[in-house]
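Following: one structure in structure tokens, then a few remarks.
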Amino acid sequence: MKRLLTLTLALVMALSLCLAGCTGSVQKKDISGAKNLADLAGAKIAAQAGTFHADALEQIKDVKSSTYPEFADLLTALKSGAIDGYIAEEPTAISVCLGDETLDYLKFKNNDTGFTATDADVGIAVALKKGSELVSQINTVLAEITEEQRSELMNQMVKLANGQKVETLAISSETPANPTGTLKVAMECAYEPFNWTDLNTPSTGAVEIYDQNGTVRAGSYANGYDVQIAKYIADKLGLKLEIYAVEWDSLLPAVQAGTVDAIIAGMSPTEERAQEVDFSSVYYSSNLVVIFKKN
């Protein structure tokens, strides 16, 4: 069982959508044959609020656009027919579609048939408080991870997110026996394969989640690509890792206030965010895609 909080929200969303739409038919546009963004005209396309996905949504002309506060809400809305598709990174689409054969995604290419995006827009980096000395230290650690390891690690996280077994992870590090400090990392723990929550039974490489009081949340474990990157960084720096589950809109305020040391949460180092926090070098890059439900 994964993502307890988002599962509850998804159930609530499903009920509300049914109450609103079960009395009449939902008009659906078939976007399965779309070759470029222009082909989505007339469709209902959504994205998660407060993300670059929401900014990218504005690039699609003549669509009925909407945003949802939680990423899990998008999947619920798609399955109910409330929307025709939603924007995501390709690894997320692969993971979602692997777990549900009724779903697929449009493999648009950034700046070609798809969204206009910079390397920063589609990259993912560690966010830290302005002036943090950790930036250079983290960059040194990230430089040790090869492109092959990054790609294989993502493949493994997709498998784990869908209940498949992985024996040995693509990157590994030794947890310090006597840590010199603590690295407090915030993420949603609700955006697989980048980060998610395991309940009771941790998957390979999962780590315990801490609550806001700094105590371990019993039976809750975080895993995903971001978690493994966080663990690797903490181990290499000789620090104890503490993962905190934080809602997306509260991530930047948390690191700015010093409540946590870093955000490792599938966050793009966009120009707008770089005015508020410092970013490490990019530790993963991906295309933006649109997930849809097959007819």
Side-chain angles (χ1 to χ4, degrees), residues 3 6 9-118 121-122 124 158 161 188 190-194 248-249 266 268 270 272 285-295:
R3 306 193 301 180
T6 52
L9 290 172
L11 290 173
V12 173
M13 175 67 72
L15 178 59
S16 62
L17 287 170
C18 182
L19 291 174
C22 287
T23 57
S25 61
V26 178
Q27 191 172 16
K28 185 178 185 298
K29 178 180 174 63
D30 181 9
I31 63 173
S32 60
K35 302 299 182 183
N36 52 55
L37 294 186
D39 292 339
L40 298 177
K44 292 172 287 188
I45 307 298
Q48 184 180 14
T51 67
F52 173 67
H53 301 171
D55 296 333
L57 182 58
E58 298 178 2
Q59 298 181 29
I60 312 177
K61 305 302 180 182
D62 302 319
V63 297
K64 299 174 183 178
S65 61
S66 59
T67 58
Y68 288 74
E70 301 292 338
F71 202 81
D73 297 341
L74 294 167
L75 182 57
T76 302
L78 179 63
K79 290 184 175 182
S80 73
I83 58 176
D84 299 311
Y86 66 90
I87 300 172
E89 276 103 358
E90 191 166 17
T92 301
I94 293 173
S95 181
V96 167
C97 294
L98 182 62
D100 189 337
E101 61 181 13
T102 69
L103 304 178
D104 202 349
Y105 67 97
L106 301 170
K107 303 176 182 180
F108 295 146
K109 184 178 180 181
N110 297 339
N111 306 315
D112 185 359
T113 59
F115 301 95
T116 299
T118 66
D121 290 334
V122 295
I124 294 172
V158 168
E188 290 180 284
Y191 182 47
E192 60 185 49
F194 291 96
W248 180 263
D249 288 343
S268 300
T270 61
E272 181 179 3
S285 294
S286 176
N287 287 326
L288 291 182
V289 302
V290 174
I291 300 175
F292 67 93
K293 186 176 180 180
K294 301 175 185 176
N295 289 332

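- Closest approach of A54 to T67, counting heavy atoms only: CB-CG2, 4.2 Å.
- A pairwise comparison of heavy atoms in L40 and A34 identifies CD2-CB, 3.9 Å as the closest pair.
- Here the side chain of S95 pairs no donor or acceptor atom with the backbone of T92 at under 3.5 angstrom.
- Side-chain contact check for F292 versus D104: some heavy-atom pair is nearer than 4.5 Å.
- A donor-acceptor contact shorter than 3.5 Å is absent between the side chain of N287 and the backbone of E90.
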Show your reasoning for whether side chain to side chain contact (heavy atoms under 4.5 Å, CB included) applies to T76 and Y68.
-> CA-CA 11 Å; T76 302; Y68 288 74; over 6 Å; no
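- Between G114 and L37, the closest heavy-atom pair is O-CD1, 3.5 Å.
- Residues F71 and T51 have side chains not in contact (no heavy-atom distance under 4.5 Å, counting atoms from C-beta outward).
- A search for side-chain contact (heavy atoms from CB on, under 4.5 Å) contacts involving K109 returns D112, T113, not counting sequence neighbours.
- Using modelled atom types, one side-chain atom of D84 and one backbone atom of K44 make a donor-acceptor pair closer than 3.5 Å.
- Within the 4.5 Å cutoff, side-chain heavy atoms of L103 are placed close to those of C97.
- The 12-atom threshold is not exceeded at NZ of K107, counting heavy atoms of other residues, nucleotides or ligands nearer than 6.0 Å.
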Please walk me through it: do F52 and I87 pass side chain to side chain contact (heavy atoms under 4.5 Å, CB included)?
-> CA-CA 10 Å; F52 173 67; I87 300 172; over 6 Å; no
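- Summarising the geometry of I124 relative to G266, their closest heavy-atom pair is CG2-CA, 3.5 Å, with the distance given to 0.1 Å.
- A donor-acceptor pair under 3.5 Å is absent between the side-chain atoms of Q48 and the main chain of H53, judged by distance alone.
- The minimum heavy-atom distance between S286 and N110, with the atom names listed, is O-ND2, 3.6 Å.
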Could you go through the side chain to side chain contact (heavy atoms under 4.5 Å, CB included) check for Y86 and L75 one step at a time?
-> CA-CA 8 Å; Y86 66 90; L75 182 57; 3.8 Å; yes
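- Considering every non-hydrogen atom in both S32 and L106, the closest pair reads O-CD2, 3.8 Å.
- For D39 (side chain) and I31 (main-chain N/O), no donor-acceptor pair under 3.5 Å exists by modelled atom type.
- Under a 3.5 Å cut-off, the side chain of K79 and the backbone N or O of K293 do not form any donor-acceptor pair.
- A distance of 10.0 Å separates CD in E192 from CG in L98, rounded to the nearest 0.5 Å.
- Expressed to the nearest 0.5 Å, how far CG of N295 lies from CG of D30 amounts to 4.0 Å.
- The closest side-chain donor-acceptor pair between T118 and D121 falls under 3.5 angstrom.
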